[in-house]
Number of protein chains: 4
Amino acid sequence: MNAFTSKNPDFEQAVRASFARQGAMGLLGAELATVEPGHVEIALRFRPALSQQNGYFHAGITTTIADSAAGYAAYSLFAPGHEVLTVEFKVNLLAPADGERLLAIGAVKKPGRTLTICEFEVIAFKGEKRTTCAFGIATMFCLPARAA
Amino acid sequence: MNAFTSKNPDFEQAVRASFARQGAMGLLGAELATVEPGHVEIALRFRPALSQQNGYFHAGITTTIADSAAGYAAYSLFAPGHEVLTVEFKVNLLAPADGERLLAIGAVKKPGRTLTICEFEVIAFKGEKRTTCAFGIATMFCLPARAA
Amino acid sequence: MNAFTSKNPDFEQAVRASFARQGAMGLLGAELATVEPGHVEIALRFRPALSQQNGYFHAGITTTIADSAAGYAAYSLFAPGHEVLTVEFKVNLLAPADGERLLAIGAVKKPGRTLTICEFEVIAFKGEKRTTCAFGIATMFCLPARAA
Amino acid sequence: MNAFTSKNPDFEQAVRASFARQGAMGLLGAELATVEPGHVEIALRFRPALSQQNGYFHAGITTTIADSAAGYAAYSLFAPGHEVLTVEFKVNLLAPADGERLLAIGAVKKPGRTLTICEFEVIAFKGEKRTTCAFGIATMFCLPARAA
């Protein structure tokens with residue numbers, strides 16, 4: 001894993017404030033577990049309202065926290081006064097997201113002035129067992145906040 | 001758009017029953033708008049609980065209904081006794097998902113015995129204006145239900 | 001298919017000149033078949049040097065002309081003095097690329113100042129038969145030429 | 001990196017024999033550098049015939065060896081009598097592929113009976129400098145050879 005330096009001395013506060021404004025994270029019950037420069041983790045406890053038809057976490061829900069983790073991993077490096085937008089991402093669902101909770105890990109692979117490329121992985125925890133249930137790549141856009 | 005024939009005479013009922021079992025669709029408030037062989041549309045009204053940090057629909061939420069629309073487009077063609085799993089998908093977010101409601105359209109591009117490839121598009125409706133805010137490609141797996 | 005207007009009155013000449021500088025297109029024997037604003041087609045005749053292990057076109061070769069078609073579809077819209085770079089793409093190989101020739105069709109889905117999103121499709125021609133053997137989505141970057 | 005066991009005691013010979021049948025690898029001048037269970041590396045020296053319009057390796061060429069490396073990483077695990085097909089892949093081009101040679105590294109992330117998911121990365125070597133110029137994810141299909 002690479003080590004990155006943020007252009008924002010208050011990056012953690014900036015990430016937490018933005019996360020708190022995401023209604024969707026509240027609806028799901030997602031929590032910001034780790035905020036480091038270029039590395040963000042989001043945790044989510046299972047409940048039936050997050051399920052697909054067989055009782056596992058819905059792939060879209062798994063993907064939602066993965067997209068947020070990747071987006072905030074990018075955002076954590078940005079200078080103050082900028083916003084992050086997801087340009088695109090690709091996800092492979094490797095196994096059913098079966099567990100009491102998920103942890104989505106977003107990490108910057110390549111920072112850039114305009115585009116930041118991130119990797120992400122989602123791990124399902126069931127008792128003692130850890131299963132990587134999703135992983136992917138996301139392209140993030142850094143936008144001056146006045147344009148957002 | 002291609003025309004497909006389902007292997008399930010009760011495909012619409014099968015799709016609706018499976019959709020009703022997805023807790024996540026209920027949590028979001030998503031509705032099954034159209035169910036045709038190889039073509040499914042899902043509608044979602046905006047509310048702040050579905051937002052990202054700037055007040056638009058969260059990209060993950062947009063993607064969640066797109067993934068479901070694509071999955072059910074594939075599932076609508078399957079013979080009875082089979083389940084659908086998302087292998088992977090890729091989505092480009094073309095514009096902020098800004099509107100009163102979203103419509104996710106999933107359509108089969110290439111059906112297959114094991115894998116079915118789908119396209120999807122999500123349209124945001126704001127007053128008179130329609131904006132394609134996302135589009136992508138998904139690979140779906142057809143699994144005998146006993147193995148699911 | 002959308003209709004687009006190029007910012008370059010000499011867009012066709014610009015595309016043809018850039019294509020001619022791509023050594024890889026010459027190595028493959030690819031030809032620029034159609035150049036319209038936001039829409040470019042590239043043709044490629046089969047020969048064994050383009051094959052994978054079973055005698056079809058290699059997926060990478062199929063993808064190479066698809067990437068070029070998409071890139072030039074974007075580039076055809078750019079103002080003079082800009083270059084195109086592929087940020088990322090995703091391709092599904094729908095069927096073996098079995099035929100005497102391939103046609104790769106690249107088309108702009110959403111133009112933008114910095115990023116242009118394209119769709120592409122590759123068709124294999126075998127006698128009277130046409131098979132879509134690949135399709136995908138590409139994100140292209142518009143770069144001032146001095147920075148290239 | 002995970003360690004995998006091949007179902008084919010002669011996996012290296014099987015990979016090398018299949019690689020030798022790929023006309024496209026010969027056309028490019030690509031060489032099989034490393035063959036381990038679930039991990040394959042392919043090397044390619046630069047020459048102008050492999051270039052895009054600015055003199056770097058063409059993104060399609062970079063991607064072609066990456067697809068082959070990922071495909072053979074999957075294939076190296078298969079039981080005798082099976083073929084590998086690329087279902088789909090996604091690649092991000094992180095930097096210009098500027099160098100005297102490329103090394104494409106394909107590695108299995110998750111093996112499976114039908115589908116094997118792989119990661120890949122391409123490194124450009126220029127003098128002492130190493131640059132990761134591409135990385136991505138590929139979904140591979142295991143097909144009984146009689147059906148190929």
Side-chain angles (χ1 to χ4, degrees), chain B residues 1-4 38 56 59 62-63 66-67 69-71 73-74 77 84-99 102 104-124 126 129-142, chain C residues 1-4 38 56 59 62-63 66-67 69-71 73-74 77 84-99 102 104-124 126 129-142:
Chain B
M1 196 66 70
N2 298 300
F4 296 107
Y56 307 132
T62 303
T63 299
D67 170 51
L77 299 182
V84 63
L85 288 178
T86 302
V87 173
E88 61 83 36
F89 65 83
K90 193 263 204 230
V91 62
N92 270 68
L93 288 318
L94 298 175
D98 179 18
L102 297 182
I105 304 167
V108 170
K109 174 84 175 177
K110 175 92 188 312
R113 202 166 51 90
T114 306
L115 299 179
T116 294
I117 315 304
C118 298
E119 300 176 289
F120 58 81
E121 193 153 330
V122 184
I123 300 166
K126 186 172 190 174
K129 201 177 157 197
R130 294 169 54 119
T131 306
T132 297
C133 57
F135 86 127
I137 300 174
T139 304
M140 298 291 169
F141 198 95
C142 178
Chain C
M1 197 66 70
N2 298 302
F4 296 107
Y56 307 132
T62 303
T63 299
D67 170 51
L77 300 182
V84 63
L85 289 177
T86 303
V87 173
E88 62 82 37
F89 65 83
K90 192 264 204 235
V91 62
N92 270 68
L93 288 318
L94 298 175
D98 180 18
L102 297 182
I105 303 166
V108 170
K109 174 83 174 176
K110 175 92 188 309
R113 203 166 51 91
T114 306
L115 298 179
T116 294
I117 315 304
C118 299
E119 301 178 289
F120 58 82
E121 191 152 333
V122 185
I123 300 167
K126 187 173 191 175
K129 202 176 156 195
R130 294 170 54 120
T131 306
T132 297
C133 58
F135 86 128
I137 299 173
T139 304
M140 299 292 169
F141 198 95
C142 179

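Lettering follows sequence order; numbering is per chain, from 1. FYI, side chains are in, hydrogens and waters are out, and symmetry mates aren't considered; it's all heavy atoms of this structure.
From B:Ile117, atom CD1 reaches atom CG of C:Leu93 across 10.0 Å, with rounding to the nearest 0.5 Å.
Contact of B:Ile137 with chain C is made through backbone and side chain together, with heavy-atom distances under 4.5 Å.
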- What do the steps show when you test B:Phe135 against C:Lys110 for side chain to side chain contact (heavy atoms under 4.5 Å, CB included), and what is the final call? CA-CA 11 Å; B:Phe135 86 127; C:Lys110 175 92 188 309; over 6 Å; no

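The shortest distance between side-chain heavy atoms of B:Asn92 and C:Glu88 falls below 4.5 Å.
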